[in-house]
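Read the structure below first, then the notes.
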Amino acid sequence: MRVQILPWLLLALLCVSFPAIDLRKELHSYQEPKAASSWIPIPKFEDIAHESGLTVSHISSRDKKYVVESMSGGVGLIDCDNNGKLDIITVNGSTVERYRNGGDPMITLYRQDSDSTADHVRFTDITKSAGLTRKGWGMGVAVADYDDDGLQDIYVTGYGGNALYHNLGDCKFQDVTEKAGVGAGGFSTGAAWADYDRDGKVDLFVSRYVHVDINDLPQFGNDPRFCRFKGVRVQCGPWGMPGESDLLFHNKGDGTFEEVSKKAGVDNPHHYYGLGATWGDFDNDGWPDLYVANDTGPNFLYRNKHDGTFEDVGLLSGAALSGDGLEQGSMGVDWGDYLHEGRLSMIVTNFVEQGSTLYHNLDGQNFADVSIRSKLLKPTYPYVSWSTAFFDMDNDGWLDLFIANGHVYPQADAVSDAAPYRQPMLLFRNHRDGTFENVSELLVNMPSQSRRGAAFGDIDNDGNVDIVVLNVGEPPSLLINRTQSGNHRVLFKLIGTKSNKAAIGARVTVKAGALVQIDEVRGGASYLSQNDLRLHFGLAANATMGEVAVRWPNGETEILHDVPADFIYTIVEGEGIQGRVALPALPQP
């Protein structure tokens with residue numbers, strides 16, 4: 001989590017390849033739409049975790065003397081019984097002592113009660129009855145339907161071994177880790193599903209962090225080069241510790257996987273410290289590409305070569321380093337078309353005194369670091385930032401940003417000029433001109449915590465995106481979006497037939513009035529977490545979508561016309577809309 005300056009030759013190359021960008025030219029095609037009305041909604045979030053039944057505490061040591069104790073964990077959203085209500089997964093964590101004694105259940109599964117409503121959201125802990133009993137040290141979570149049986153399965157990363165839980169129906173799971181061959185081992189962190197070779201079966205990428213021997217841990221604060229923070233003794237690492245390779249599991253279609261990372265070119269031979277990972281089609285060629293955040297190393301942007309292999313174009317495209325050529329302590333990642341250009345840009349969260357980095361996708365080939373001009377660098381600079389997402393918090397049709405923060409060192413509280421261990425969440429409103437406004441003060445009654453993963457989705461099916469956040473050593477937060485808005489909205493649940501059943505990798509383009517938006521279904525996102533597999537779009541004043549185009553993972557496209565807003569639609573590949581559920585009536589200004 002320290003900054004390393006690249007050799008002068010590489011830095012010179014980047015400076016030649018990527019001259020300063022004129023913001024006016026960047027936005028030449030952008031025209032701000034007229035306001036839908038004079039009523040500007042004020043975003044409002046309410047933490048209802050405790051009263052809704054989310055009470056299991058994440059497990060973590062008090063002093064964080066070892067790097068393995070600092071990185072957990074993720075959260076996820078899943079519809080484990082296909083009833084249209086989102087259920088919640090939280091990663092449990094562990095400690096060195098507990099792990100040596102057998103570890104802890106890797107995740108907790110909360111099932112949303114059948115009588116749960118938008119006004120009264122309730123969950124029940126069903127972890128044991130669901131069969132999610134494997135013990136270890138959980139880190140992250142990702143969801144997909146790996147065997148195309150119509151049921152969402154769970155993959156959990158962790159220190160010392162991972163877990164694959166096959167959904168049997170009615171939120172019952174079978175541990176098939178060994179049978180499937182995806183146990184991994186080592187210190188696994190990020191996980192992301194995609195059908196990278198477009199054979200109709202979803203594959204799995206796993207990023208790994210540092211090599212840690214639980215029986216031979218580095219002494220706390222021992223090495224002044226790698227175990228100090230502003231003069232204070234802290235945990236050692238990751239810098240100075242050996243890293244681990246990354247893994248790519250190719251789905252063989254018979255319930256088993258083959259590890260092919262080296263053959264595919266994504267094995268991370270230099271053993272950088274991998275954390276967040278997510279797939280997205282940044283060059284608009286219809287094939288999923290892969291972005292991996294590396295802690296204290298250059299990030300990877302793997303371009304899909306359409307033949308089962310990848311090329312890392314991160315450095316030459318400008319998406320691997322900060323704009324001034326520095327390696328950063330990168331954690332969380334998310335793709336989003338925040339300027340309505342039809343191209344996915346990338347947000348990456350980083351370590352303290354680095355700030356989050358916004359990589360603007362200029363042309364499907366090159367990226368520019370616009371963190372300063374977007375007004376994101378200054379408010380994020382003091383914090384250690386983890387989970388993040390582009391999401392439309394008020395349904396105005398423009399992607400806003402959320403960032404969860406928290407120090408890795410409890411000892412930072414003893415440093416007078418350092419940000420504290422417990423840090424606030426950050427919320428940014430999209431100003432529609434390439435800049436974001438810090439509106440974090442709207443997150444009232446949200447005490448500072450050391451946070452990690454966050455998952456985004458419409459938990460109460462009211463048309464607003466809610467957020468589940470993991471608090472280290474504490475129960476999670478459930479931020480229900482209570483924003484009162486007159487803006488229309490829509491959600492799409494996609495079901496593949498020729499493509500993978502969960503439609504992971506599908507892209508939806510929505511045209512509603514002057515708004516044109518894109519998003520993709522992703523299995524794994526943010527920092528070690530899983531968002532709602534349904535896609536949400538805010539539509540502002542538009543009560544109808546003139547066109548909805550679904551590009552399925554196999555490359556084929558279906559187009560629907562004149563689709564009414566304010567529904568949750570189920571779209572089946574090759575069959576169009578096969579179901580819809582009305583969202584609650586819009587509030588009146």
Side-chain angles (χ1 to χ4, degrees), residues 74 76 78-80 89 91-92 103 105-107 109 127 130-208 244-264 266-267 274 277-279 288 290 308 496 499-505 521-524 528-530 533 553:
I78 182 174
D79 183 357
C80 63
I89 305 164
V91 171
N92 291 329
M106 297 181 73
I107 58 174
L109 175 61
T127 308
L132 305 172
T133 56
R134 177 177 287 249
K135 290 186 176 181
W137 195 326
M139 293 288 160
V141 62
V143 170
D145 181 1
Y146 79 91
D147 59 346
D148 290 332
D149 64 354
L151 300 168
Q152 296 175 12
D153 310 301
I154 303 172
Y155 188 74
V156 188
T157 63
Y159 169 73
N162 302 346
L164 177 60
Y165 290 111
H166 176 222
N167 192 334
L168 303 175
D170 195 31
C171 297
K172 306 290 185 182
F173 293 84
Q174 178 185 10
D175 187 337
V176 296
T177 310
E178 282 71 32
K179 176 184 176 182
V182 292
F187 192 163
S188 298
T189 48
W193 297 90
D195 181 6
Y196 73 87
D197 57 355
R198 301 204 330 191
D199 66 352
K201 300 181 290 291
V202 69
D203 312 297
L204 174 65
F205 176 83
V206 177
S207 58
R208 296 197 294 178
E244 298 204 78
S245 63
D246 297 333
L247 305 170
L248 178 63
F249 295 100
H250 180 251
N251 191 333
K252 296 168 66 177
D254 60 359
T256 68
F257 293 77
E258 177 188 6
E259 205 287 301
V260 296
S261 59
K262 186 175 182 62
K263 180 169 64 175
V266 297
D267 57 324
T278 189
W279 297 85
L290 176 64
S499 302
N500 71 88
K501 187 77 79 171
I504 288 172
V521 182
R522 298 185 185 92
L528 316 189
S529 295
Q530 175 66 56
L533 288 175

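FYI, side chains are in, hydrogens and waters are out, and symmetry mates aren't considered; it's all heavy atoms of this structure. Since the structure is predicted, the reported quantities are computational estimates derived from the model, not experimental observations.
Looking only at side-chain heavy atoms (C-beta outward), Val91 and Thr157 stay at 4.5 Å or farther from each other. Contact annotation: the side chain of Gln530 never approaches that of Ile78 to less than 4.5 Å [non-hydrogen atoms, C-beta and beyond]. Between Ile154 and Val141 there is a side-chain heavy-atom pair separated by less than 4.5 Å. In this structure, Trp279 and Arg522 have side chains that are not in contact, with every pair of non-hydrogen atoms separated by 4.5 Å or more. Ile89 has its side chain within reach of Val143: a pair of non-hydrogen atoms, C-beta onward, lies under 4.5 Å apart. Two residues are said to be in side-chain contact when any heavy atoms from C-beta on lie closer than 4.5 Å; Trp193 and Tyr155 meet this criterion. Counting only heavy atoms from C-beta outward, the side chains of Asp149 and Lys501 never approach each other to under 4.5 Å. Side chains of Leu109 and Ile107 form no contact here, defined as non-hydrogen atoms less than 4.5 Å apart.
In this structure, the side-chain hydrogen bond (donor to acceptor under 3.5 Å, both in side chains) partners of Thr189, at least two apart in sequence or on a different chain, are Ser207. When the side-chain hydrogen bond (donor to acceptor under 3.5 Å, both in side chains) test is applied to Thr256, the partners found at least two apart in sequence or on another chain are Asp254. Asp148 pairs by the side-chain hydrogen bond (donor to acceptor under 3.5 Å, both in side chains) definition with nothing, not counting sequence neighbours. Every residue meeting the salt bridge (charged side-chain N to carboxylate O under 4.0 Å, His left out) condition with Arg134, not counting sequence neighbours, appears here in chain and number order: Asp175, Glu178. Under the salt bridge (charged side-chain N to carboxylate O under 4.0 Å, His left out) criterion, Lys201 pairs with Asp199, sequence neighbours left out.
Note: Glu259 CD to Leu247 CG = 5.0 Å, rounded to the nearest 0.5 Å. Atoms CG and CG, from Leu204 and Asn251 in turn, are 9.5 Å apart once rounded to the nearest 0.5 Å. In this structure, the separation between CG on Asp153 and CG on Asp147 is 5.0 Å, given to the nearest 0.5 Å. Annotation: the span from Asp195 atom CG to His250 atom NE2 amounts to 7.5 Å, rounded to 0.5 Å. Put simply, CG on Asp145 and CG on Asn500 are 7.5 Å apart, with the number rounded to the nearest 0.5 Å. The NZ atom of Lys172 lies 10.0 Å from the CG atom of Leu132; values are rounded to the nearest 0.5 Å.
The two residues Met106 and Ala163 come nearest to each other via the heavy atoms SD-CB, 4.2 Å.
Under the 3.5 Å distance criterion, the side-chain polar atoms of Ser529 are left unmatched by any main-chain donor or acceptor of Gly76. The main-chain N or O of Ser245 is never found under 3.5 Å from a side-chain atom of Asp267 such that the two would form a donor-acceptor pair.
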- request: Kindly indicate, with the supporting measurements, whether the criterion side chain to side chain contact (heavy atoms under 4.5 Å, CB included) is fulfilled by Glu258 and Lys263.
  value: CA-CA 11 Å; Glu258 177 188 6; Lys263 180 169 64 175; 4.2 Å; yes
message: For a side chain to side chain contact (heavy atoms under 4.5 Å, CB included) check, start with the C-alpha distance between Asp203 and Asp197, then their side-chain angles and the critical distance, and finish with the verdict.
response: CA-CA 9 Å; Asp203 312 297; Asp197 57 355; 3.5 Å; yes
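Sorted by first then second residue, the ring pair (Phe, Tyr, Trp, His ring centres under 6.0 Å) pairs that include residues 165-184, not counting sequence neighbours, are Tyr146-His166.
More than 12 heavy atoms of other residues, nucleotides or ligands lie within 6.0 Å of NZ in Lys252, so this atom counts as buried by the packing criterion.
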